[in-house]
Amino acid sequence: MKADVLLGLQWGDEGKGKAVDVLAPSYHWIARFQGGPNAGHTLWMDGQKIVLHTIPSGIFREDCMNLIGNGVVIHPPSLLQEIKALRQHGLRLEGKLMISAKAHLILPGHRLLDQAFESAKGDHKIGSTLRGIGPAYTDKYARHGLRYGDLAGPQGKALLETAHEEHLRQLKALDFELPNNLPEHVQEWMDAIQELHSDFAPADGSWLLNQALDQGQKVLAEGAQGSLLDVEFGAYPFVTSSHTTSASACTGLGIAPNRLGTVYGLFKAYCTRVGSGPFPTELRDQTGEALRCAGNEFGATTGRPRRCGWLDLPALAYAIRLNGVSQLIITKADVLSGFEEIKIATRYQGLDNHFSPYPDVPSKCIPEYTSFQGWALDPNHQYQEVSEFPTEFRRYIEFIETTLNIPIKLISFGPERQQILAVDN
Ligand code: GDP
Ligand code: IMO
Ligand code: MG
């Protein structure tokens, strides 16, 4: 059996949480492979909104095991809070949620360092979610990070203290004013990891998944962020600190490349981006504002307004190439309802369709657009066949499929679980 991968092809918030929740009943395991609580994956259950940050989006499906893989970074108090919120929804997580012993930890100092580095950048801010992601991955690769399994033994407290003192030294050198409640936060952090360890023993995630695949079970690797925020292939430095592309499912879970199967590439019917960095099709006008309102485009983690713009096909083609996408999923098709004219960027002037997301991309890349006539989806209709969609919308979909030469397998037309159509092409 091979493991499938589902990831975002844009700048995050493509609707990965909803899509994973919809696909989860056909999988035995859902496994997060990178990122941390900078992610916000929104699910709607019977009119109730639930945002997952570190826990995989298969958690609401009864027979689905969920793994927080070794490539993820964990902030214990936030994870515990997330677990408690799910318990309040009546979920039992013990035996259903596994946490890799090798997943690195976001320590209290990492969050402060994130703030210190961002404020030192002045006008050149990345727009980080300030969840400590960058500093935690920095320590991982500098080989003095702490992992979930490292803190399980009696030496845990001493390890944390040593790491914390080093962070305090760095913060002092940056002239960062420490918050008064830092000692309480460190204690809360320590209590949280102890509580997590008592309910979720550090696991060998790679072994669990490979065993599952050997036994013919189905595994879906869930991405966070989006391909254009990849630390290597995004517009560096306006990126996150992990690899968000499909190769990362191998290193972030301990699965060999020849064990990867279908790669689902998810994209919104338009584009959004939170934080700084290039965004060639951004609409800084009333149409952008209208998209933000219609799509309720505010960050699931930070609540910040998302920048909005038209769909960018050269950028999508770039993400498809990086990930080896075999099937596409389009989300938020309903949001474009009611716009008279809808545009898609099909190429960049003078760039021979070669999208290259360096930070100076907007000045170099002037998008050329193809216009489409708008459509209206009925918000109360449960679309069962593509033929039920308005002709103008079908034209839009066909144009994307033909240009990218990849089939669209799922069309999401609303936030709820049932508002999705599997295309039989
Ligand atoms: P993720 O980070 O990729 O999981 O996406 P987010 O949860 O951050 O943002 C996607 C937002 O769009 C969430 O509020 C979802 O509930 C919502 N959503 C997902 N699919 C659809 C859709 O097809 N239509 C509409 N209107 N909203 C959707
Ligand atoms: P999901 O999984 C959208 C963005 C931040 C910032 C940059 C770096 O919900 O799609 P970081 O906190 O990683 O240092 O921030 O990346 N970013 C996201 N944008 N969705 C996300 O996750 C994001 N995670 C990080 O806004 O621009
Ligand atoms: Mg999100």
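For ligands, and for the atoms within them, numbers begin at 1 and follow the listed sequence. The first residue in the sequence is number 1, and the count goes up from there. Keep in mind it's a predicted model, so treat the numbers as computed, not measured. Hydrogens, waters and symmetry mates are skipped; everything else that's a heavy atom, side chains included, is used.
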Of all the heavy-atom pairs spanning [X] and [Y], show the shortest one and how long it is.
X	Y	answer
Y270	Q10	O-NE2, 3.1 Å
H53	R32	O-NH1, 3.0 Å
N210	G254	ND2-O, 2.8 Å

Of all the non-hydrogen atoms in the protein, which one sits nearest to [atom], and at what distance?
atom	result
atom 27 (N) of ligand 1	K332 CE, 3.4 Å
atom 20 (N) of ligand 1	S412 OG, 3.6 Å
atom 11 (P) of ligand 2	S128 OG, 3.6 Å
atom 24 (N) of ligand 1	D334 OD1, 2.8 Å
atom 12 (O) of ligand 2	T129 OG1, 2.5 Å
atom 26 (O) of ligand 2	R304 NH2, 2.9 Å
atom 27 (O) of ligand 2	V274 O, 3.0 Å
atom 3 (C) of ligand 2	D13 OD2, 3.2 Å
atom 4 (O) of ligand 1	G17 N, 2.8 Å
atom 7 (C) of ligand 2	V239 O, 4.0 Å

Item checked: Partner of E297 under salt bridge (charged side-chain N to carboxylate O under 4.0 Å, His left out), chosen from R306, R307, R292 -> R306

Check: Any nitrogen or oxygen of G12, main chain or side chain, under 3.5 Å from a nitrogen or oxygen of ligand 1?
Finding: no

Next item on the list: Would you check whether G414 has a nitrogen or oxygen atom less than 3.5 angstrom from a nitrogen or oxygen atom of ligand 1?
Entry: yes

Item checked: Non-hydrogen atom of G40 closer than 4.0 Å to ligand 1 -> yes

Notebook entry, point to check: Should R306 be listed as contacting ligand 1, given a heavy-atom distance under 4.0 Å as the test?
Noted result: yes

Of the listed options ([options]), which comes nearest to [atom] when hydrogens are ignored and any heavy atom counts?
atom	options	value
atom 1 (P) of ligand 1	K16, Q225, K49	K16
atom 14 (O) of ligand 1	T42, D13, L377, V20	T42
atom 6 (C) of ligand 2	G275, G127, G8	G127
atom 17 (N) of ligand 2	T302, L229, N38, T240	L229

Checklist line | Non-neighbouring partners of R304 that pass side chain to side chain donor-acceptor pair (under 3.5 Å), sequence neighbours left out | finding: T302

Just jot down the ligand 2 atoms closer than 4.0 angstrom to any heavy atom of [X], in number order.
X	result
W11	3 (C), 19 (N)
A224	2 (O)
Q225	1 (P), 2 (O), 10 (O), 22 (O), 23 (C), 24 (N), 25 (C)
A39	1 (P), 2 (O), 9 (O), 22 (O)
K16	1 (P), 2 (O), 10 (O)

When you compare ligand 2 with [X], is there at least one nitrogen or oxygen pair between them that comes in under 3.5 angstrom?
X	value
E14	no
G12	no
S241	no

Using non-hydrogen atoms of the residue, decide whether [X] is closer than 4.0 angstrom to ligand 2.
X	result
R131	no
G226	no
R306	no
R273	no

Checklist line | For ligand 1, the portion of E416 having any non-hydrogen atom under 4.0 Å away | finding: neither

Notebook entry, point to check: At a 4.0 Å threshold, what atoms of ligand 1 neighbour a non-hydrogen atom of F413?
Noted result: 23 (O)

Check: Which one of K18, Q419, K268 satisfies the side chain to side chain donor-acceptor pair (under 3.5 Å) criterion with S412?
Finding: K18

Notebook entry, point to check: Would you say the side chain of D312 lies within less than 4.5 Å of the side chain of Y348, judging by non-hydrogen atoms?
Noted result: yes

Item checked: Test item: I255 and S206 side chains (from C-beta on) under 4.5 Å apart, heavy atoms -> no

Next item on the list: Using a strict 4.0 Å threshold on nitrogen-to-oxygen distance, state whether E392 and R395 make a salt bridge.
Entry: no

Notebook entry, point to check: Is it true that H185 and H75 have ring centroids separated by less than 6.0 Å?
Noted result: yes

Notebook entry, point to check: What about the rings of F389 and W375, do their centers lie closer together than 6.0 Å?
Noted result: no

Note to self: Tell me whether E62 at atom CD has more than 12 heavy atoms from other residues, nucleotides or ligands lying less than 6.0 Å away.
What the structure shows: no

Next item on the list: Answer yes or no: is there a donor N or O on one side and an acceptor on the other, between the side chain of T129 and the main chain of N38, under 3.5 Å?
Entry: no

Checklist line | Listed protein N/O/S atoms, distance to the Mg ion (ligand 3) under 2.8 Å | finding: D13 OD1, G40 O

